[in-house]
Amino acid sequence: MSEREPEHNESTDEEVWKDLVARLEHMDDAGPAPDTRPSPPADPGPEASGAPASPGTASPAERTRALFENQALAGGPRDYAVPDEQDGAFVPPEPPPLGLGEPTVVLAWLGAVGGPLLLLVFAMFWRSAPLAVILGTVAVFVGSAGYLLFRLPQYRDEGDDGAAV
């Protein structure tokens, strides 16, 4: 029992290949290539009766055209554009403007960080600084650190796992 291999008509295969290459060469961003199919014959065949043509009766060129006929040849995954606004879509609220924050908190941080740095500068470069300047710097540091500690929350929520949305 030997099975016969399907016979290939090389001239038909070559025509199909040339047709496919010609259609793909003319592809641009505007859309699919113009329809270059010949007009249907005047004699309607079995397709006119509503019965689909059997795969054996269609030529390879017609089958290739049928494959690509319903697909957009110019579109691809990178051609997808997200619409600007959709009905009912989530629009996040406008974020608050970036600023320096509360002026008293900013001054307290400057005093808490700047006090020890200023004392270090005095110790390195101005050894004969008056006692009032040194005590004033220490007082600014203690006052600003106390203010920052006072602004901390007084209690913690019990039973909270720490996650907040």
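Just so you know, these numbers use all the heavy atoms, side chains as well, and skip hydrogens, waters and symmetry mates. Quantities reported herein were computed from a predicted structural model and do not represent experimental measurements.
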For a 4.5 angstrom cut-off between non-hydrogen side-chain atoms, does L119 reach F141? no
List the steps, then state whether side-chain contact (heavy atoms from CB on, under 4.5 Å) holds for V121 with W126. CA-CA 7 Å; V121 168; W126 193 21; over 6 Å; no
Which heavy atom of [X] sits nearest to which heavy atom of [Y], and what is that distance?
X    : Y    : value
V16  : A61  : CG2-N, 3.2 Å
T137 : G115 : CG2-O, 3.5 Å
I134 : A129 : CD1-O, 4.1 Å
S144 : G111 : OG-C, 3.1 Å

Is V106 reachable from V142 through a run of hydrophobic residues whose side-chain heavy atoms are each under 4.5 Å from the next? no
When you group the ILVMFWY residues by side-chain heavy-atom contacts below 4.5 Å and let the links chain together, are V138 and L118 in the same group? yes
Could you grab the distance from atom [atom1] of [X] to atom [atom2] of [Y], nearest 0.5 Å is fine?
X    : Y    : atom1 : atom2 : answer
W109 : T104 : CH2   : OG1   : 13.0 Å
L20  : E25  : CG    : CD    : 10.0 Å
M124 : F122 : CE    : CZ    : 12.0 Å

L98 atom CG, neighbour heavy-atom count above 12 within 6.0 Å: no
